[in-house]
2 protein chains.
Amino acid sequence: MSGTNTSVPSVLAHELPRPVPLDELAACPVTEVFRRVGDKWSMLLVIVLGGRPHRYNELHRAIEGISQRMLTRTLRNLETDGLVKREVLPTVPPSVEYSLTPLGFSLLEPISGLADWAVLHAGHFRPA
Amino acid sequence: MSGTNTSVPSVLAHELPRPVPLDELAACPVTEVFRRVGDKWSMLLVIVLGGRPHRYNELHRAIEGISQRMLTRTLRNLETDGLVKREVLPTVPPSVEYSLTPLGFSLLEPISGLADWAVLHAGHFRPA
DNA sequence: CGGAATCCCCAGTGATACTG
DNA sequence: CAGTATCACTGGGGATTCCG
């Protein structure tokens, strides 16, 4: 696997000597990750959960624009990908708490970078 | 505008004292940015252009999975958002060169962070 | 409270063909 | 070479309803 496509890491190190076997780009980890957390809500959810663990309806309220369906779906995806931990607390009215896993927290950092950029250049963007 | 929602910057500074006026989250710059460059190709394009300026077909070949339609569309979007500069060179067969603007380069950094993360944890992810 | 199930729509995306 | 134009599809995503 040393000769296939494991040398993609330097994607951003502006290193494109040759055409780059494109089948590799398709399987490129970057593309992969974007396909997983690049949707409308995932990153936002990670950011919110990065603050503190939240319960279901708490998240629903915190993000507001999101539908129950999408909230659940996104949470499940993130959970499947090992980014979010779902914990059912055996209280009388069942309460569920969602929190970031270590992996989730590690993702929080780069995402934060992006979020910071977003906040910083929010104005410079397109007026319309 | 000092009292409305310009104080969102600390999204990731785990600062959620109160419910957070959610209408603000909807208009949250982070969400905005994700809506713009969070699609399937934008970030990838930024990464590639971050290496060097590319011509149209060069990009088409570099990414491969992308269709002409999407390549053009995405480039136009990025151009509109001021992230990419389109330069027509008056050569006999017309050649067009795409490059990142300063704003585009500034975005490249946080994206790189994400890409690095992607490469790093590509394995830890969900196999299926 | 914390979901699952269902229905439905349309924006994002691809394939193909054509053009200056 | 660097696109534009059409058509068609899929699945992302919302609204609503039902369940333990």
Side-chain angles (χ1 to χ4, degrees), chain A residues 19 22-23 25-26 28 31-46 48-49 53-81 84-99 126, chain B residues 19 22-23 25-26 28 31-46 48-49 52-81 84-99:
Chain A
L22 311 161
D23 305 298
L25 253 191
C28 169
T31 303
E32 236 333 80
V33 168
F34 286 179
R35 285 186 41 165
R36 288 174 181 276
V37 296
D39 60 287
K40 191 174 179 181
W41 303 111
S42 291
M43 294 200 192
L44 211 49
L45 224 39
V46 169
V48 172
L49 287 179
H54 283 69
R55 310 221 340 233
Y56 185 84
N57 280 335
E58 207 175 354
L59 284 173
H60 194 203
R61 263 174 267 114
I63 299 198
E64 176 93 2
I66 198 171
S67 63
Q68 292 178 337
R69 173 188 161 90
M70 277 304 104
L71 179 53
T72 302
R73 263 172 137 282
T74 306
L75 283 172
R76 291 285 183 270
N77 284 338
L78 293 176
E79 191 189 356
T80 299
D81 285 340
V84 162
K85 188 179 73 174
R86 177 175 181 268
E87 202 168 1
V88 182
L89 306 176
T91 58
V92 181
S95 58
V96 181
E97 199 172 68
Y98 293 93
S99 57
R126 49 104 279 154
Chain B
L22 311 162
D23 306 298
L25 253 191
C28 169
T31 302
E32 237 332 80
V33 168
F34 286 179
R35 285 186 41 166
R36 289 175 179 276
V37 296
D39 59 287
K40 192 174 180 182
W41 303 112
S42 290
M43 294 201 190
L44 212 49
L45 225 38
V46 170
V48 172
L49 287 179
R52 326 198 138 278
H54 283 69
R55 312 227 330 242
Y56 185 84
N57 280 334
E58 208 174 355
L59 284 173
H60 195 204
R61 264 175 264 112
I63 300 197
E64 176 93 2
I66 199 172
S67 63
Q68 291 179 336
R69 173 187 163 86
M70 277 305 102
L71 179 54
T72 302
R73 259 168 105 24
T74 307
L75 283 172
R76 291 284 183 272
N77 284 338
L78 294 176
E79 191 189 356
T80 298
D81 285 341
V84 163
K85 188 179 73 176
R86 177 176 181 267
E87 202 168 359
V88 182
L89 306 176
T91 58
V92 181
S95 58
V96 181
E97 199 172 69
Y98 292 93
S99 56

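Just so it is clear: chains get the letters A, B, ... in the order the sequence lines come, proteins before strands, and each one is counted from 1.
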Polar atom pairs (N or O), protein with nucleotides 17-20 of chain C, under 3.5 Å:
residue, atom, partner, partner atom, Å
C:dA17, N6, B:Q68, OE1, 3.2

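- Taking 4.5 Å as the limit, some side-chain heavy atom of B:L49 sits within range of a side-chain heavy atom of B:H54.
- Side-chain atoms of B:V37 and B:V46, non-hydrogen and from C-beta on, never get closer than 4.5 Å to each other.
- Computed from coordinates, the B:H60 NE2 to D:dT4 P distance equals 14 Å when rounded to whole Å.
- Here the side chains of B:R86 and B:V96 are in contact, with some heavy-atom distance below 4.5 Å.
- Nucleic acid contact for B:R35: none, since no nucleic acid atom lies under 4.0 Å from a heavy atom of the residue.
- In this structure, of D:dC1, C:dT13, D:dG14, it is C:dT13 that holds the atom nearest to the side chain of B:K40.
- Atom-to-atom, CE of B:M70 to C1' of C:dA15 comes out at 12 Å; the value is rounded to the nearest Å.
- Annotation: side chain of A:L45 is in contact with side chain of A:L71 (closest heavy-atom distance under 4.5 Å).
- Distance A:N77 CG to D:dG12 C1': 11 Å, rounded to the nearest Å.
- To the nearest 0.5 Å, atom CG of residue A:L75 and atom OH of residue A:Y98 are 5.0 Å apart.
- For the pair B:L71 CG and D:dT4 P, the computed distance is 11 Å after rounding to whole Å.
- When the side-chain nitrogen and oxygen atoms of A:R73 are compared with OP1 and OP2 of C:dA4, none of them lie within a distance under 4.0 Å.
- Between D:dA2 and B:R86, no contact under 4.0 Å exists linking OP1 or OP2 to a side-chain N or O.
- The residue among A:P93 and A:R69 whose nearest nucleotide of DNA chain C lies closer to the 5′ end is A:P93.
- One can place CD of B:E87 at 13 Å from P of D:dG3, the figure rounded to the nearest angstrom.
- Nearest nucleotide to the A:Y56 side chain, out of D:dC1, D:dG3, C:dG3: C:dG3.
- The listed nucleotides are C:dG14, C:dG3, D:dT4; the one nearest the side chain of B:W41 is C:dG14.
- A:S42 places no side-chain N or O within 3.5 Å of a backbone atom of A:G38 that could act as its donor or acceptor partner.
- Taking atom CZ of A:R55 as the reference point, atom P of C:dG3 lies 10 Å away to the nearest angstrom.
- Within the structure, a side-chain polar atom (N or O) of B:Y98 is placed less than 4.0 Å from OP1 or OP2 of D:dG3.
- For the pair B:E97 CD and D:dC1 C1', the interatomic distance rounds to 14 Å; values are reported in whole Å.
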Chi angles and distances behind the side chain to side chain contact (heavy atoms under 4.5 Å, CB included) call for B:E58, B:E97: CA-CA 9 Å; B:E58 208 174 355; B:E97 199 172 69; over 6 Å; no
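- Atom CG of B:D39 and atom C1' of D:dT10 are 17 Å apart (whole Å).
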